[in-house]
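We name chains A, B, ... by the order of the sequence lines, and we start the count at 1 in each one.
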Number of protein chains: 2
Amino acid sequence: METSAPNPAQSSATYRRNTKQRTAIVAMLSSFDDFRSAQQIHDLLTERDNPVGLTTVYRALQALAADGAIDVIIADDGEARYRLCSRGHHHHLVCRGCGSTVEVAGPTVERWAAKVAAEHGFTEPEHTIEISGLCPNCQAN
Amino acid sequence: METSAPNPAQSSATYRRNTKQRTAIVAMLSSFDDFRSAQQIHDLLTERDNPVGLTTVYRALQALAADGAIDVIIADDGEARYRLCSRGHHHHLVCRGCGSTVEVAGPTVERWAAKVAAEHGFTEPEHTIEISGLCPNCQAN
DNA sequence: CTTTGTGCAAAGGCTTTGCATGCTT
DNA sequence: AAGCATGCAAAGCCTTTGCACAAAG
């Protein structure tokens with residue numbers, strides 16, 4: 001699975017109107033600290049009596065991503081997952097057994113990635129890193 | 001975009017029959033050194049008078065991936081791309097302008113990834129790294 | 001001869017788009 | 001009042017599946 005490099009050019013967050021749907025979606029995202037699919041968000045909103053059209057969920061997530069407010073990852077099955085941007089730049093250590101994630105910061109790789117890009121004459125480098133393994137809990141099984 | 005870590009458990013490559021379609025697909029893959037989509041492979045085979053059903057292409061790629069013979073990456077648009085496993089483990093530096101890729105080896109990150117996993121008690125670590133930027137050529141434009 | 005592979009057509013799943021209506025500003 | 005936002009339905013893509021036929025061993 002892939003993590004979009006936390007948007008470096010989170011540009012000029014275009015203007016958006018405040019609607020209760022958008023608010024509900026952001027609130028929903030705030031209640032998680034890990035990634036959820038558009039469908040999951042839509043289903044949860046519906047369950048909690050705050051139904052929002054699936055289309056609207058997709059459009060809101062698209063807008064939030066464009067503004068650099070959320071991180072998007074594309075899972076191995078091609079489905080997108082979203083999560084509010086965390087405060088800093090970091091990567092994920094994902095358990096292949098249970099899917100739990102750990103956020104890791106990595107000054108080492110940041111530098112390495114920048115260096116590699118520079119060595120090949122590439123500018124405006126971004127990077128994507130995902131580490132997976134079996135967490136202590138899943139090793140027991 | 002995401003690079004599946006070169007299949008570690010490339011298990012017991014199950015038996016497969018030799019058919020001209022499968023041969024053609026592998027030959028096609030051999031002629032590239034970068035990633036192609038199933039559609040691209042299918043189209044090229046058709047153009048080169050060696051038509052193979054799209055379904056067959058998908059099934060063959062699926063089988064090859066299961067055998068650990070090819071690497072699969074899921075692009076940002078959710079489309080899968082395939083490439084014959086390269087000899088060694090490496091990562092990609094991709095140009096966001098023209099899509100050209102450069103293979104880079106990175107002992108530094110390899111160690112870093114292993115260390116991070118170990119620090120959190122994760123075993124059987126695998127990792128995925130993708131670096132993008134603008135290549136010298138595209139900076140001119 | 002038996003089993004696996006092939007290919008067409010159709011279905012599936014995620015995401016986007018068209019368009020009329022509703023709400024924000 | 002003007003314009004973006006919403007939501008339903010429908011369309012688009014990529015990918016998988018059902019099924020009958022062909023090919024491999």
message: Quick check: on DNA chain D, is the nucleotide nearest Asn18(B) upstream (toward 5') of the one nearest Val52(A), or the reverse? Name the residue that is more 5'.
response: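 Here Val52(A) is the residue nearer the 5' end.
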Measure the spacing between [atom1] of [X] and [atom2] of [Y] and express it to the nearest 0.5 Å.
X	Y	atom1	atom2	answer
Ile70(A)	Ile73(A)	CD1	CD1	11.5 Å
Lys20(B)	Thr23(B)	NZ	OG1	9.5 Å
Ile129(B)	Leu93(B)	CD1	CG	12.5 Å
Asp71(A)	Phe35(A)	CG	CZ	5.0 Å
Tyr82(B)	Gln40(B)	OH	CD	11.5 Å

field: Strand-adjacent residues in residues 55-64 of chain A, judged by heavy atoms under 4.0 Å from DNA chain C
entry: Thr55(A), Tyr58(A), Arg59(A), Gln62(A)
Within this structure, what is the [atom1]-to-[atom2] distance between [X] and [N], rounded to whole angstrom?
X	N	atom1	atom2	result
His42(A)	dT16(C)	NE2	P	15 Å
Ile73(B)	dC14(D)	CD1	P	15 Å
Lys20(A)	dT6(D)	NZ	P	9 Å
Glu79(B)	dG12(D)	CD	C1'	13 Å
Leu54(A)	dT17(C)	CG	C1'	13 Å
Arg22(A)	dT6(D)	CZ	C1'	11 Å
Phe35(A)	dC14(C)	CZ	P	18 Å
Tyr82(B)	dC14(D)	OH	P	12 Å

- request: Determine yes or no for a side-chain-to-main-chain donor-acceptor pair under 3.5 angstrom, with His42(A) supplying the side chain and Val52(A) the backbone.
  value: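 The answer is yes, because a donor-acceptor pair under 3.5 Å joins these two groups.
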N/O (side chain, [X]) to phosphate O (OP1/OP2, [N]) under 4.0 Å:
X	N	answer
Gln21(B)	dA23(D)	no
Tyr15(B)	dT3(C)	no
Ser37(B)	dC14(D)	no

- prompt: Do you know which two heavy atoms are closest between Cys135(B) and Phe122(A), and how far apart they sit?
  reply: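 So the minimum-distance heavy-atom pair works out to CB-CZ, 3.5 Å.
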query: dG3(D) base to Arg17(A) side chain: any donor-acceptor pair below 3.5 Å?
result: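 Answer is yes: a donor-acceptor pair is held.
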- request: Pick base, sugar-phosphate or nothing for Asp77(B), based on heavy-atom distances below 4.0 Å to the nucleic acid.
  value: nothing
